[in-house]
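Heavy-atom basis, side chains included; hydrogens, waters and symmetry copies ignored.
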Amino acid sequence: IEASYLEGHPPFEGRPKSRRLSCPEFPQEPQGFADHVSLSDLTFDPTLQGAFAASIVAIVVLFVILPPPVVILRRSSASSASNPSPFGAPASGGSAFGGFGKPNLAPGSNAAAAKGFGFANNASDASNPSPFGAPISGGSAFGGFGKPDSASGSNVGGGATGFSFASGTSNASNPSPFGAPASGGSTFEGFGKPAALSTGKQVAETSSNNGGSTTNYKAKLAAFYKQHNPSKLSSVDANLAKYEGKEDELFRKLYQKYGLTPEGKKEESPFLEPGGTGPRVYMDLSVGGKAVGRIVVQLYADRTPVTAENFRALCAGSTGDEDGTERKLERTFEKSVFHRIVPGMCLQGGDYTRHDGTGGRSIYPPNSAEYGTDAWGKFRDETPFLRHSRRGLLSMANAGADQNSSQFFITLRKLPYLDGKHVVFGEVLEPPHGEGMGVLDRIMDSVEVNPKNHRPREECRVVVEACGEAT
């Protein structure tokens with residue numbers, strides 16, 4: 001369930017995109033256009049047919065009948081600053097610059113004398129550089145693609161390291177651009193940090209994201225889960241493997257998910273602590289046909305009156321109409337199921353029409369300004385939001401903001417990342433008012449769920465055998 005926040009999906013209600021909702025309690029969707037159009041329904045304008053035929057004839061004439069075009073390449077007789085040849089000097093002409101190699105002489109060089117992609121015979125210095133390193137017999141005032149042994153007098157055969165490293169020490173004032181030499185130290189990273197390369201690849205357990213201090217991420221993640229969610233301790237290695245090289249991103253997401261500051265400290269929530277007064281309702285639950293006990297729910301009617309009345313009525317089977325008369329409901333939560341159970345997080349139910357999370361309906365009429373409902377009878381969120389700060393809280397599952405119907409979930413732990421997205425409207429009462437969270441613990445001990453969709457196995461379905469208003 002926490003994947004959209006690293007590990008799963010939040011409680012939601014909806015329906016598969018591949019099928020049209022056919023529940024009789026809902027308005028039907030507009031049928032729209034036909035699903036397909038056959039080719040026999042299509043016709044072509046005769047004028048367009050003629051134009052199409054003419055285009056085919058033109059293509060055949062241009063590319064089949066006529067001979068292929070001849071591309072004439074023009075070569076300049078001389079290369080100069082105003083008429084340069086970028087890849088070195090031409091076969092017979094002078095070049096005012098070196099292109100990809102420095103010719104022997106700027107004026108009048110030719111193929112016999114120019115070195116092409118090599119180096120010039122004359123010395124290379126700061127005012128007359130050879131771009132690809134030091135020349136064969138001359139000194140170099142810069143390192144090119146490798147740092148020669150000495151700034152003057154080095155050569156390929158006499159000790160220059162070419163594209164490797166100098167034999168001396170590389171430092172900020174005497175740098176070797178491709179990293180430190182084999183026998184020297186480096187005060188900068190170049191194209192790799194020699195100290196790290198010499199010790200081999202560092203694993204995610206002790207790695208660095210910023211080239212600075214080394215962090216033991218395995219110990220850090222284990223400590224985090226131990227404090228905030230012990231049930232996730234078994235996933236430490238898997239999460240580190242998934243975010244190898246991006247451990248800082250992993251912790252940034254975790255801090256956001258668990259309501260912490262970017263530094264991992266506790267942040268004061270803008271949402272209110274749950275609690276309230278109102279009527280109480282009960283549910284008798286079973287697993288695989290065997291009774292597991294009764295839960296009694298305290299509704300927060302003083303803080304979420306619309307949501308609380310919706311839940312109370314679907315338990316009791318009746319509600320008051322706008323004119324004050326009592327209206328019996330055709331269907332209630334009785335014989336509905338908890339269709340989605342996520343161990344260590346929540347139990348989700350309330351779909352009394354389709355029993356799979358794609359249905360459900362509120363008690364309120366569609367398009368009601370009083371209850372803020374849309375054409376499907378889904379009603380608005382009641383604010384200010386309360387926190388998902390402990391076990392045993394009842395909260396509305398939804399299909400987005402202001403999309404509440406009848407589906408709900410019961411928390412099995414603190415879920416701060418759902419704050420401000422779902423309406424908390426009640427709590428499971430502990431004895432003597434009911435059997436409390438012990439009932440839910442027995443359910444979790446005996447139910448088996450599909451790990452892919454968190455649906456209980458058919459032989460251990462969790463059913464609301466009876467429900468009503470508690471006295």
For the residue pair His339 and Arg455, confirm or rule out a side-chain donor-acceptor distance under 3.5 Å. no
As an exercise, state the distance from CG of Asp445 to CG of Leu440, rounded to the nearest 0.5 Å. 11.0 Å
How would you list, by chain and number, every residue that makes a side-chain hydrogen bond (donor to acceptor under 3.5 Å, both in side chains) with Ser234, sequence neighbours excluded? none
Test side chain to side chain contact (heavy atoms under 4.5 Å, CB included) applied to Asp284 and Val464, step by step: CA-CA 6 Å; Asp284 293 331; Val464 180; over 6 Å; no
For Lys257 and His228, run side chain to side chain contact (heavy atoms under 4.5 Å, CB included): C-alpha distance rounded to whole Å, both residues' side-chain angles, the deciding distance at 0.1 Å, then the answer. CA-CA 11 Å; Lys257 171 184 172 180; His228 298 283; over 6 Å; no
Heavy-atom side-chain contact between Val424 and Tyr300 under 4.5 Å: yes
Regarding Tyr417 and Gln256, do their side chains bring together a donor and an acceptor under 3.5 Å, going by distance alone? no
Quick one about Ser336 and His355 (side-chain donor to acceptor, distance below 3.5 Å, no hydrogens or angles considered), yes or no? no
Whether over 12 other heavy atoms sit under 6.0 Å from Lys335 NZ: yes
Can a donor-acceptor pair be found between the side chains of Asn404 and Asp381 at a distance below 3.5 Å? yes
How many angstroms lie between CZ in Arg413 and CG in Leu415, if you round to the nearest 0.5 Å? 5.0 Å
Can you tell me how far the OG atom of Ser368 sits from the CZ atom of Arg380, to the nearest 0.5 Å? 8.0 Å
Assess, by modelled atom type and distance only, whether the side chains of Asp419 and His388 contain a donor and an acceptor separated by less than 3.5 Å. yes
With no hydrogens and no angle check, is any side-chain donor or acceptor of Arg340 less than 3.5 Å from a backbone partner on Leu347? no
Any donor and acceptor pair, going by atom type alone, linking the side chain of Ser395 with main-chain N or O of Val423 inside 3.5 Å? yes
Shortest non-hydrogen contact from Arg280 toward Leu429: NE-CD1, 3.6 Å
Compute whether any side-chain donor of one residue and acceptor of the other, for Glu247 and Thr215, lie under 3.5 angstrom apart. no
Would you say that Glu435 contacts Glu430 through its side chain, given a criterion of any heavy-atom pair below 4.5 Å between the two side chains? no
Distance check, rounded to the nearest 0.5 Å: Leu393 atom CG versus Leu418 atom CG? 11.0 Å
Can you confirm if the NZ or CZ of Arg387 lies within 45° of the ring axis of Phe271 and under 6.0 Å from the centre of its six-membered ring? no
Is there side-chain contact between Ser362 and Lys378, with at least one heavy-atom pair below 4.5 Å? no
Contact summary for Val342 and Leu412, nearest pair of heavy atoms: O-CD1, 3.9 Å
Does a salt bridge link Asp441 with Arg391, judged by any charged N lying under 4.0 Å from a carboxylate O? yes
Pro343 versus Met444, closest heavy-atom pair with distance: CA-CE, 3.5 Å
ring-ring contact (aromatic ring centres under 6.0 Å, His included) involving Tyr364 - partner list, sequence neighbours excluded: Tyr371, Phe379
Please evaluate residues Tyr217 and Asn239 with respect to the criterion side-chain hydrogen bond (donor to acceptor under 3.5 Å, both in side chains), reporting the C-alpha separation (whole Å), side-chain torsions for both, the decisive distance (0.1 Å), and the verdict. CA-CA 11 Å; Tyr217 285 108; Asn239 278 338; over 6 Å; no
Going by atom types alone, do Asp351 and Thr353 pair a side-chain donor with an acceptor below 3.5 Å? yes
Salt bridge present between Glu465 and Arg294 (N-O < 4.0 angstrom): no
Any non-hydrogen side-chain atom of Arg303 less than 4.5 Å from a side-chain atom of Leu272? yes
Is the NZ or CZ atom of Lys220 both under 6.0 Å from the centre of the six-membered ring of Phe251 and within 45° of that ring's axis? yes
Could you pull out every donor-acceptor pair under 3.5 Å between side chains of residues 305-318 and any protein atom, sequence neighbours left out?
| unit_1 | atom_1 | unit_2 | atom_2 | d |
| --- | --- | --- | --- | --- |
| Thr307 | OG1 | Glu382 | OE1 | 2.6 |
| Glu309 | OE1 | Arg312 | NE | 2.9 |
| Glu309 | OE2 | Arg312 | NH2 | 2.9 |
| Glu309 | OE2 | Thr319 | OG1 | 3.0 |
| Asn310 | OD1 | Ile363 | N | 3.0 |
| Asn310 | ND2 | Ser405 | O | 2.9 |
| Arg312 | NH1 | Glu469 | OE1 | 3.0 |
| Arg312 | NH2 | Ser318 | O | 3.0 |
| Ser318 | OG | Glu326 | OE2 | 2.9 |

Ignoring hydrogens, what is the shortest heavy-atom contact between Val292 and Val287? Give both atom names and the distance. CG1-CG2, 3.8 Å
Identify whether the distance between the nearest side-chain nitrogen and carboxylate oxygen of Asp237 and Lys218 falls below 4.0 Å. yes
Evaluate the side-chain hydrogen bond (donor to acceptor under 3.5 Å, both in side chains) criterion for residues Asn398 and Gln407: first the C-alpha distance (whole Å), next the side-chain angles of each, then the deciding distance (0.1 Å), finally the verdict. CA-CA 7 Å; Asn398 59 41; Gln407 292 189 41; over 6 Å; no
What are the two closest non-hydrogen atoms of Ile341 and Pro456, and how far apart are they? CD1-CG, 3.8 Å
From Glu448 CD over to Glu458 CD, what is the distance, rounded to the nearest 0.5 angstrom? 13.0 Å
Compare all side-chain heavy atoms of Phe338 with those of Phe409 and state whether any distance is below 4.5 angstrom. no
So, do Leu386 and Glu273 sit near enough that their side-chain heavy atoms are less than 4.5 Å apart? no
Using the rule given for side chain to side chain contact (heavy atoms under 4.5 Å, CB included), can you reason through Met396 versus Phe425, listing the C-alpha separation, both sets of side-chain angles and the distance that settles it, and then say yes or no? CA-CA 8 Å; Met396 293 298 291; Phe425 63 91; 3.5 Å; yes
Compute whether any side-chain donor of one residue and acceptor of the other, for Asp248 and Tyr243, lie under 3.5 angstrom apart. no
Are Leu254 and Leu221 packed together at the side-chain level, in the sense that at least one heavy-atom pair is separated by less than 4.5 angstrom? yes
For the backbone of Val462 and the side chain of Ser286, can you confirm whether one donor and one acceptor N or O come within less than 3.5 Å of each other? no
Parallel, tilted or perpendicular: which describes the rings of Phe224 and Tyr255, with under 30° parallel and over 60° perpendicular? tilted
Say you draw a straight line from OG1 of Thr277 to CG of Leu299; how long is it, rounded to the nearest 0.5 Å? 10.5 Å
Looking at side-chain heavy atoms only, is the closest gap between Asn450 and Arg457 below 4.5 Å? yes
Nearest heavy-atom approach of Glu334 to Cys467 is N-SG, 3.6 Å
